[in-house]
Enquirer: 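Let me begin by handing over the structure; questions about it come next.
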Amino acid sequence: MSSRTSTAVLARGLRVLGRAIREQPRIFTVAVAGSVLFGAMVIGSAYVIGAVVGDVVVPSIARGSVETGVLALAAAALFGISLLRVVGIFGRRLGAGYMQYRLQASYRRRVTRRYLDLPLSWHQRHATGTLLSNANSDVEAAWYPIAPLPFAVGTLVMVAGAIVALFATDWAFALVGLAVFPALFTLNVVYSRRMAPRQARAQQLRAEVSGIAHESFDGALVVKTMGREAQETRRFASRAAELRDALIAVGRLRGLFDPLLETLPSIGTLAVLVVGAIRLRQDAITVAELVSVAFLFTVLAVPVRAIGWVLAELPRSVAGWDRVQQVLRATGEMAYGDRVLDPAGGPATLAFADVSFRYEPAEAHLPGAEVLGAVTFTVPAGRTVALVGPTGAGKSTIAALAVRLVDPDTGTVALDGVDLRELTTASLAGNVALVAQVPFVFDDTVRGNITLDRPGISDDDAWAALRLAEADGFVAALPDGLDTRVGERGTSLSGGQRQRLTLARALAGRPRLLVLDDATSAVDPRVEAAILAGLRSSATDGTGAGTSILVVAYRRATIALADEVIYVEQGRVVARGTHAELLATVPGYVDLVTAYEQAEAEREQARTYEDPPVVPVTTGLEVEMDR
C-alpha cells in the first residue's frame with residue numbers, strides 16, 4: 001500500500017471518528033474525562049511511589065525503624081490515587097461502550113430505514129447477503145475504533161503530561177522520553193499503514209461470505225432438489241478460505257508488531273535506569289526521582305498502545321463506513337405527496353393512463369428494456385378486472401405499478417382520480433393492498449401475520465378476513481388457532497395455506513383496491529372460485545368495506561368470474577372485454593386460455609393418482625391437500 005494511500009486512509013479514518021464525536025459529544029466528553037483522570041493518576045502514582053521509596057522506605061532502612069504515621073500517610077495516598085484510577089477506568093469504559101453501541105444502533109436503524117425507502121429496482125441490483133452485512137458487520141466495523149478512542153485521547157494527554165514531568169525532573173530523562181515516545185508513535189503509524197489493505201480486504205470478504213451463505217440457505221430447496229450440496233459447499237468453502245487467509249494475514253502482522261510495541265517501552269525503562277544511575281552518581285537526581293521515572297515508563301507501555309489500537313482499526317473502520325455510506329447515499333427513493341383518500345369511501349377506481357415503464361439495467365450505462373408501453377385501462381369501482389397475457393407480457397409490472405412499488409416513466413396511475421404519487425404513504429397503504437405471487441409469512445403467530453400490529457384489527461376482524469380468504473377452516477384446526485406460530489416463512493403450512501393467510505392479511509386492512517398477482521395459484525380451483533366470489537360480494541354483504549379487484553389470472557374459471565378481461569401482449573393492451581367477447585374475437589387470447597386449461601387439466605389428472613398426504617402426528621397441524 002502506497003504512502004499516499006495510507007495517509008488518505010488515516011485522514012478519512014480520523015474524519016469518521018470526528019463524525020462520531022460530533023454525534024455523541026456528551027458521552028465522548030465523559031469517556032475522555034475518565035481517561036484523562038486515569039492518565040493523571042498514572043503520572044501521580046509514579047511520583048507518589050517514587051516519594052514513598054525515596055523518602056519513606058530508604059530512610060527507614062537506613063534508620064532500622066519505620067515511622068508508622070508516615071507509612072500510614074503513604075498508604076493513604078496510594079489508596080486515594082488507586083481509587084481515582086478506578087473511577088477514571090469506569091468512566092472511560094462506560095462512556096466508550098455506551099458511545100459505541102449507541103452509534104451502532106443508530107446506524108443500523110438508518111441503514112434499515114434507507115432499505116425501506118429505496119425502490120425495488122435498487123434492491124434487485126444488490127445481493128441480500130451484502131445488504132445484511134451492511135446493516136450488521138459493516139456498521140460494527142465503522143464504529144469499532146470508538147472503544148479504544150477515549151483511552152487513546154486520554155493517553156495523548158497523559159504522554160504530554162509525562163514529557164512535561166520528565167523535563168521538570170531532569171533533562172536527561174526528558175531526552176529518553178523524547179526518543180521513546182516518538183518512536184512508539186512512528187511504529188503505530190507504520191503498523192496502521194501496513195494493516196490498512198489487510199483490514200479492507202477482510203471486511204470485503206466478510207460481506208461476500210455472508211452473501212454466499214444467505215444465498216445457499218435461502219435457496220436450500222433448489223440446492224437439495226438439484227443435488228448441488230457439494231458444489232455449494234465448495235463455493236462457500238473457497239470464499240471462507242479466502243477470508244481465513246485474510247484474517248491470518250491480519251493476525252500475522254499483529255504478531256509481528258505487538259512484540260515491538262511491547263519491547264520499546266521496556267527498552268525505554270532500561271535506558272532510564274542506565275541514565276538514572278549515572279545522574280544519581282552525579283547527585284543530579286534523587287532516588288525518589290529515579291524510581292518515579294522508571295515506574296512511569298513501565299506503566300505507560302499499555303496506555304500508549306491504545307493509540308496503536310485506534311490506528312490499527314481505522315482501515316477497517318473506513319472500509320465499513322464506505323460500505324454503509326453506499327446505502328445511506330443511494331438515490332431513487334420515492335417521494336410521497338400530501339393527498340389523503342378516505343379509507344372508508346367504498347370501492348376505489350383505478351386508472352392507468354398512457355403508462356410506460358422500463359426496469360433499470362444491472363449496469364447503469366446500459367439502456368433498460370421497455371416493459372410497458374402506452375398502457376391505458378380502468379378498474380371501475382366495485383368491479384373485478386382480470387389481467388391476462390403470456391409470460392413476460394408485463395402483468396406483474398402492472399400489478400406493481402397499481403400499488404406503487406414502482407413509478408411509471410411516463411403516464412399516470414390514479415386512484416379515484418388522484419395520482420398515486422400525490423398520496424401520503426399512509427393513505428396509499430390504507431386504500432390499496434397487494435397479494436403477491438410468492439406469499440411471505442413471518443415467523444409469528446397467525447394473528448401476528450394477519451394484523452401486523454395494525455391498529456383497529458380485532459380478532460373478529462381477523463376471523464372475518466380468514467373466512468373471506470377461505471382460510472378459517474384450517475386456522476381453526478391448528479393447535480392454538482390464531483395463537484399458533486407458523487414457523488419461518490410459514491414452513492408449517494402448505495403452499496395454499498400460506499397464500500390464503502397472506503390474502504387474509506391484505507383483506508384485514510379492508511382495502512378499497514385489492515391487487516392479486518396470481519395470488520391463489522396454489523389453491524384448489526374450487527377454493528379460488530369461492531374466494532373470488534366472496535370478494536365480489538363483500539362490497540354489499542357487510543363482510544368488507546367494498547373492494548375493487550385487479551387480478552392477474554391464469555385459470556379459465558377465475559377469468560370467467562371477472563367483470564372485464566384485459567389482454568396484454570409485449571407490454572401493451574391488445575384487447576379488452578368480457579371473457580366471452582375475447583374468446584370470440586381474439587385468437588391469441590383463445591390460444592392462451594386453452595393452453596392454460598390444458599395444463600391445469602393435466603395437473604388435475606396427475607394429482608388424481610397421488611396418494612393423500614400423511615398428516616404428521618407430531619405437529620398436530622391439519623395439512624390440506626391443495627388439488
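Positions are given from 1, in the same order as the sequence printed here.
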Enquirer: Could you measure the distance from the CG atom of Asp138 to the OH atom of Tyr107? Nearest 0.5 Å is fine.
Expert: 14.0 Å

Enquirer: For Gly161 and Ile43, work out which heavy atoms get closest and say how close.
Expert: C-CD1, 3.8 Å

Enquirer: For the atom pair CG (Leu78) and CZ (Arg85), what is the distance rounded to the nearest 0.5 Å?
Expert: 10.5 Å

Enquirer: Between Leu247 and Ala202, which heavy-atom pair has the shortest distance, and what is it?
Expert: CD2-CB, 4.0 Å

Enquirer: Quick one: does Gln325's side chain get under 4.5 Å of Leu328's, heavy atoms only?
Expert: yes

Enquirer: Thinking salt bridges, do Arg316 and Glu140 make one under a 4.0 Å N-O criterion?
Expert: no

Enquirer: Could you walk me through whether Leu37 and Phe90 satisfy the side chain to side chain contact (heavy atoms under 4.5 Å, CB included) test, starting with their C-alpha distance in whole Å, then the side-chain angles of each, then the deciding distance to 0.1 Å, before giving a yes or no?
Expert: CA-CA 11 Å; Leu37 176 61; Phe90 178 78; over 6 Å; no

Enquirer: For residues 141-152, which side-chain donor-acceptor pairs fall under 3.5 Å, sequence neighbours excluded?
Expert:
none

Enquirer: Sequence neighbours excluded, which residues qualify as ring-ring contact (aromatic ring centres under 6.0 Å, His included) partners of Phe442?
Expert: Phe440

Enquirer: Using modelled atom types and a 3.5 Å cut-off, is there a donor and acceptor pairing between side-chain atoms of Arg498 and backbone atoms of Leu493?
Expert: yes

Enquirer: Are side-chain heavy atoms of Phe28 and Leu17 found at a separation under 4.5 Å?
Expert: no

Enquirer: Taking atom types as modelled, find out whether Arg279 and Gln282 have a side-chain donor-acceptor pair closer than 3.5 angstrom.
Expert: yes

Enquirer: Under 3.5 Å, is there a donor-acceptor pair between the Arg108 and Thr112 side chains?
Expert: no

Enquirer: With a 4.5 Å cut-off on side-chain heavy atoms, are Tyr98 and Val30 touching?
Expert: no

Enquirer: On a heavy-atom basis, which atom in Leu166 and which in Ala174 lie closest, and how many Å separate them?
Expert: CB-CA, 3.8 Å

Enquirer: Kindly indicate whether the side chain of Arg113, heavy atoms from C-beta on, has any atom under 4.5 Å from the side chain of Arg110.
Expert: no

Enquirer: With no hydrogens and no angle check, is any side-chain donor or acceptor of Ser238 less than 3.5 Å from a backbone partner on Arg235?
Expert: no

Enquirer: Testing the 3.5 Å rule here: is there a donor-acceptor pair between the side chains of Ser427 and Tyr336?
Expert: no

Enquirer: Quick check: do Asp461 and Ser458 have side-chain heavy atoms less than 4.5 Å from each other?
Expert: yes

Enquirer: Determine whether Arg454 and Thr451 make a side-chain contact, defined as any pair of heavy atoms from C-beta on separated by less than 4.5 Å.
Expert: no

Enquirer: Enter the distance from Glu23:CD to Met99:CE here, rounded to the nearest 0.5 Å.
Expert: 8.5 Å

Enquirer: Output the distance between atom CG (Leu103) and atom CD1 (Ile27), rounded to the nearest 0.5 Å.
Expert: 8.0 Å

Enquirer: Within this structure, what is the CG-CG distance for the pair Asp459 and Asp483, rounded to the nearest 0.5 Å?
Expert: 8.0 Å

Enquirer: If you take all heavy atoms of Ser317 and Val16, which pair is closest and at what distance?
Expert: OG-CG1, 3.8 Å

Enquirer: Using only atom types and a distance under 3.5 Å, with no angle test, would you say the side chain of Ser45 pairs donor to acceptor with the backbone of Met41?
Expert: yes

Enquirer: Check Ile285 against Phe173 and note the closest heavy-atom contact, atom names and distance.
Expert: CD1-CZ, 3.5 Å

Enquirer: Taking C-beta and beyond as the side chain, do Asp480 and Thr445 meet within less than 4.5 Å on heavy atoms?
Expert: no

Enquirer: Kindly determine whether Trp321 and Arg15 satisfy side chain to side chain contact (heavy atoms under 4.5 Å, CB included), including the steps that lead there.
Expert: CA-CA 11 Å; Trp321 175 255; Arg15 285 197 293 271; over 6 Å; no

Enquirer: For the CD1 atom of Ile450 and the OG1 atom of Thr502, what is their distance to the nearest 0.5 Å?
Expert: 10.0 Å

Enquirer: What's the shortest heavy-atom distance between Val48 and Ala77, and which atoms?
Expert: CG1-CB, 4.2 Å

Enquirer: Contact between Arg505 and Leu501 at the side-chain level, heavy atoms closer than 4.5 Å - yes or no?
Expert: no

Enquirer: Distance-only, no hydrogens or angles: does the Ser292 side chain make a donor-acceptor pair with backbone N or O of Ala288 under 3.5 Å?
Expert: yes

